[in-house]
Amino acid sequence: MADKLVLIDGNSIAYRAFFALPLLNNDKGIYTNAVYGFTTMLLRILEEDKPDHILVAFDAGKTTFRHKTYEDYKGGRQKTPPELSEQFPVLKELLDAFSIPHYQLEQYEADDIIGTLSQSAEKKGWDVNVISGDKDLLQLVSDHIDVTLTRKGISNVEKYDPAFLADKMGIRPDQVIDLKALMGDNSDNIPGVPGVGEKTAVKLLKQFDTLENLYENITEVKGKLKEKLENHKDDAFMSKQLVTIKRDSPVTIGLEDLTYEGYSNRGVSNIFKDLGFQSLLGRVDGSDQQAEEAAEELPEIEVEHVTELTDEVFTGTEAIYVEMLHENYHHAEIEGITIVNKDKKYFIPVDAAAESDVFCEWAKNARKRKWVFDAKRTVVALLRKGIHLKGVEFDLLLASYLINPSENNHDIPSIAHRMGETSVQYDEEVYGRGAKIKRPDVEKLAEHMARKATLLYKLKDKVEEQLKANHQLELYHDLEMPLALILGEMEHRGVQVDVERLKDMGEELRSRLKEIEEQVYELAGETFNLNSPKQLGPILFEKLGLPVIKKTKTGYSTSADVLEQLEDKHEIIPKLLIYRQLGKLQSTYIEGLLKVVDNDTHKIHTRFNQALTQTGRLSSTDPNLQNIPIRLEEGRKIRQAFIPSKPGWVMFASDYSQIELRVLAHIAQDEKLIAAFKEGRDIHTQTAMEVFKVEAEAVTGEMRRHAKAVNFGIVYGISEYGLSQSLSITRKEAKEFIDRYLESYPGVKVYMEETVRDAKQTGFVTTFMNRKRFLPDLTSRNFNRRNAAERTAMNTPIQGSAADIIKKAMIDLHHRLDEEKLEANLLLQVHDELILEAPEEEIEQLKKIVPDVMENTVELDVPLKVDSSYGPTWYDAK
DNA sequence: CCTGAATACG
DNA sequence: GACTGCGTATTCAGGA
């Protein structure tokens with residue numbers, strides 16, 4: 001096989017990576033985002049392309065030979081930000097660690113180096129892959145030279161060969177130069193012919209083939225275009241000269257210098273550690289060996305293995321850590337328990353603990369203080385063994401989440417490493433990952449667990465200080481910690497499921513799906529995998545000739561909103577929509593739920609993730625019980641399978657009405673919005689009256705629908721485009737709506753502006769209860785990122801404060817049910833509603849108590865409104 | 001084993 | 001001119 005050479009345009013890729021990734025700096029305070037992005041791309045190239053030769057080419061200095069032709073070459077270009085320039089030396093160090101050659105040449109650009117070397121390589125019969133973000137490089141494409149361009153960001157790439165280029169742009173590689181000569185390039189300050197864009201240029205080239213030929217036959221061009229071409233003939237030819245990549249630049253490096261023989265794992269992982277690229281460590285080979293080495297560097301630790309427990313083990317305050325090697329603590333086997341206090345470290349087999357009165361008494365004594373990581377996980381797991389853990393006073397997981405929800409690794413070793421404690425290995429290093437997870441010998445296990453438990457001790461004061469500085473102690477102690485225990489109870493209790501009902505629905509769906517499937521094949525004239533958009537696309541848009549509405553990066557979009565627009569164009573479309581709808585029900589909600597129902601009890605135990613969302617909401621997994629269908633009747637029937645756990649009981653549900661808009665009214669202190677809610681008016685009608693300037697009687701259904709969309713949009717941090725899409729109106733009309741909305745509710749307008757301004761100052765936004773969210777992208781130079789961050793700044797205090805409120809309501813309700821000695825139990829929380837099960841006799845009381853608690857858990861300047869309902873199944877609680 | 005498209009919820 | 005509404009989870013196909 002031919003040798004493979006990869007040539008990377010270093011500046012271009014670093015530049016792309018820099019703007020694609022948030023401006024993160026590592027613990028040493030140096031910016032690393034460009035280096036990081038470059039590295040992920042490099043690792044992928046090495047893994048996928050497996051090159052025999054490689055080079056990273058860089059631009060040299062400020063001036064190039066092109067400046068002699070044209071002084072203003074690359075003029076007007078923004079100066080490279082210093083945050084990026086400072087990363088180039090680091091990048092070169094990193095390449096050295098990878099043993100990858102890099103090269104630059106005075107007076108020449110990376111393009112010319114690549115152009116020259118790719119020519120020589122091609123002559124030798126090598127296959128070349130050029131990697132860049134710059135379309136100019138496409139002129140190098142040939143039978144043996146592919147050019148891979150980054151699209152959005154850096155992970156998203158497109159590989160061009162001559163055929164793909166022809167398909168995509170309609171031109172040959174050598175015409176790329178003529179194309180650029182005509183259309184110019186703003187970023188390099190290449191003039192081209194003003195008024196000629198890509199479309200016109202391609203058209204001209206299709207007709208005339210080359211720039212030279214175009215001007216020879218200029219008489220064939222008509223009108224304004226001809227005039228423009230003639231007036232800027234010189235510009236066009238100079239531009240052509242500028243964009244032509246030199247294929248004979250005087251490089252002092254040869255193909256023989258580009259041989260790549262792999263890198264030293266040790267060197268690369270050291271530089272990764274140095275730069276703080278923890279997540280990439282797993283991608284360099286030999287991590288086993290590395291783990292061993294890391295383990296050897298750990299300080300000695302002495303763990304006492306005990307099976308007979310005595311009171312002396314417990315000092316009054318201990319860290320307790322319960323290990324499970326699998327995520328789902330409702331089923332995972334407990335590997336052991338570690339107790340660490342200021343004196344000693346103990347490892348206790350779980351059965352020894354469960355059988356020990358001393359241990360169980362200690363556990364359930366709330367006056368004995370316990371420090372843990374993930375109280376909910378710990379408590380639920382121990383409960384399965386009959387151990388009731390009480391007196392939890394510190395939860396490192398929740399503390400870490402509150403300090404910065406955007407950190408995505410809230411495990412003990414990651415938190416510790418962030419805080420400068422390296423005395424622990426990552427779980428993956430000790431236990432392995434994914435399918436390779438395995439229990440180490442008990443000595444190793446005990447040591448690793450003890451190290452983690454010890455860190456609870458070490459980190460407690462630090463994180464609590466930080467919570468205090470953030471004014472988050474109340475949020476932590478009075479909201480999240482008590483909530484964790486309530487959620488634990490809910491999860492452990494589970495929800496009863498009517499398995500037979502689910503199976504019956506599944507049977508019916510199965511036959512209906514089969515029927516539709518056959519009809520679709522009939523209409524398509526062939527069979528294919530109906531679940532594959534990739535296979536469906538060509539059938540719809542090529543074979544059946546339906547109009548293409550939207551494309552995805554991998555092909556035609558066949559999403560529901562596209563299909564809906566094609567609904568009357570072909571009989572097959574409605575069938576597809578129904579197939580999708582029913583297929584989702586079958587696979588996710590029938591089969592998916594049946595898989596996780598406990599065979600003995602017929603209950604489902606979800607897990608609520610309390611330390612995940614960026615806004616403070618909960619999420620639910622394994623299964624997700626927060627997205628059980630409701631909007632369409634077909635799907636809603638799934639809820640008939642969720643039933644009370646005892647005969648004579650009912651499902652009882654209470655939900656907040658428009659909590660987010662009410663929260664908005666309160667924080668924005670908008671008088672009109674507040675008044676509307678105080679007077680109990682229909683808020684969407686009210687908005688319609690304001691926006692359309694009409695009386696209540698004159699509000700049509702259409703007007704109300706539009707007003708409703710605007711209200712939603714406002715909560716999400718509206719954009720004209722977003723609103724225009726959701727209402728299928730023009731952007732101009734959408735803008736009109738938004739402007740009129742903000743005129744009508746001036747308080748909201750001020751709130752939106754102030755929130756974004758303050759957030760830019762401080763770098764974060766907060767909620768009612770001082771939940772924090774950092775938004776580094778607010779200062780991004782990337783338009784899209786910045787805009788998205790601004791919308792997030794507007795939305796998070798609203799969504800997050802609503803989350804605070806319902807969480808507090810859950811705690812209050814839990815107390816209240818206790819006080820009132822009711823048997824009713826909380827089962828689920830779905831963002832703005834609570835689902836309980838209760839004896840029928842309690843219905844009348846609950847109808848008062850639950851809304852009472854939810855409505856009064858906080859006092860806002862607007863009333864909170866709660867609607868309740870109940871019935872024999874969840875479906876009926878509507 | 002991971003990613004992207006699609007679809008479910010608030 | 002940027003190509004776009006906020007927050008989630010699961011399933012399937014398809015490519016390493």
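The sequence lines fix the lettering, A, B, ..., with proteins before strands; numbering per chain opens at 1. As the structure is a prediction and not an experimental result, all values here were calculated from the model.
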Minimum-distance nucleotide (side-chain atoms of A/Thr613 versus C/dG7, C/dG5, B/dT7):
C/dG7
Just wondering, are more than 12 heavy atoms of other shown residues or ligands nearer than 6.0 Å to NZ in A/Lys760?
yes
Taking only residues two or more places apart in sequence, or in another chain, which ones meet A/Tyr741 in a ring-ring contact (aromatic ring centres under 6.0 Å, His included)?
A/Tyr745
Among all residues two or more places apart in sequence or in another chain, which pass the ring-ring contact (aromatic ring centres under 6.0 Å, His included) test with A/Tyr579?
none
Are A/Thr615 and C/dT8 close enough that a side-chain N or O sits under 4.0 Å from OP1 or OP2?
no
Ion pair A/Glu633/A/Lys637, N-O distance below 4.0 Å:
yes
As a test of understanding, state which of A/Thr606, A/Asn328, A/Asn609 forms a side chain to side chain donor-acceptor pair (under 3.5 Å) with A/Asp622.
A/Asn328
Base, sugar-phosphate, or nothing: which does A/Glu833 touch, judged by heavy atoms less than 4.0 Å apart?
nothing
OP1 or OP2 of C/dC3 sitting under 4.0 Å from any side-chain N/O of A/Ser719?
no
Per the under-4.0 Å heavy-atom filter, residues of residues 790-802 of chain A near DNA chain C come out as A/Arg791, A/Thr792, A/Asn795, A/Gln799
If you count the non-hydrogen atoms of other residues, nucleotides and ligands that lie under 6.0 Å from CZ in A/Phe712, is the total more than 12?
no
For A/Phe783, what residues pass the ring-ring contact (aromatic ring centres under 6.0 Å, His included) criterion, not counting sequence neighbours?
none
Any idea how A/His706 and A/Phe737 line up, ring-wise: parallel (<30°), tilted (30 to 60°), or perpendicular (>60°)?
perpendicular
Distance, rounded to the nearest Å, where A/Arg731 contributes CZ and C/dG5 contributes P:
12 Å
Who passes side chain to side chain donor-acceptor pair (under 3.5 Å) against A/Arg580, sequence neighbours left out?
A/Thr558
What string of B, S and - do you get for nucleotides 9-16 of chain C, 5' to 3', when a contact is any protein heavy atom under 4.0 Å?
SBSSSSSS
When all nucleic acid strands are considered with a 4.0 Å heavy-atom cut-off, which category describes A/Ala803: base, sugar-phosphate, or nothing?
nothing
The side chain of A/Asn784 lies closest to which of these nucleotides: B/dG10, C/dA2, C/dG5?
C/dA2
Among B/dA8, C/dC6, C/dT4, which is the nearest nucleotide to the side chain of A/Tyr721?
C/dT4
Looking at A/Arg773 and C/dG7, is any side-chain donor or acceptor paired with a base atom of the opposite kind under 3.5 Å?
no
Assign A/Phe712 to base, sugar-phosphate, or nothing according to its heavy-atom contacts below 4.0 angstrom with the strands shown.
nothing
